[in-house]
Amino acid sequence: MNTLNQILRGALFLVLAVFGMAMAFIFMVSTAIAVAILYVVARIKGRPFGVKAYWEERRRPRTGATGGARNPFRPNDVTDVEMRELR
């Protein structure tokens, strides 16, 4: 009985391991496809594709309908923070 129990546990572990490896493989393939699509779109638009170029683009302030940066708060909106202990 103990041997049969160990065989069933081993088989279940093997099935779960194979299932996990299949999920990891699908995740890697889908990520590679997404990166390839981003690369093609960047090439079509004439932009460089890379982490440095993406980071520089994100750090630049965007001008929108307000004509300024995307920060919705003025620097003087928050003046003080008060904390109270609730009992």
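Bear in mind that the values here come from a model prediction, so they are computed numbers and not experimental data.
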### Message
Assigning hydrophobic clusters by single linkage (Ile, Leu, Val, Met, Phe, Trp, Tyr; side-chain heavy-atom cutoff under 4.5 Å), is Ile37 placed with Met28?
### Response
yes
### Query
Is the closest side-chain heavy-atom distance between Phe49 and Val41 below 4.5 Å?
no
### Message
Distance check, rounded to the nearest 0.5 Å: Ile33 atom CD1 versus Leu38 atom CG?
### Response
12.0 Å
Listed pairs under 3.5 Å, donor-acceptor, residues 13-25 side chains, sequence neighbours left out:
none

#### Entry: Same cluster (ILVMFWY, side-chain, under 4.5 Å), Leu12 and Leu4
no
### Message
Test of understanding: with side-chain hydrogen bond (donor to acceptor under 3.5 Å, both in side chains), list the residues that count as partners of Arg43, not counting sequence neighbours.
### Response
Tyr39
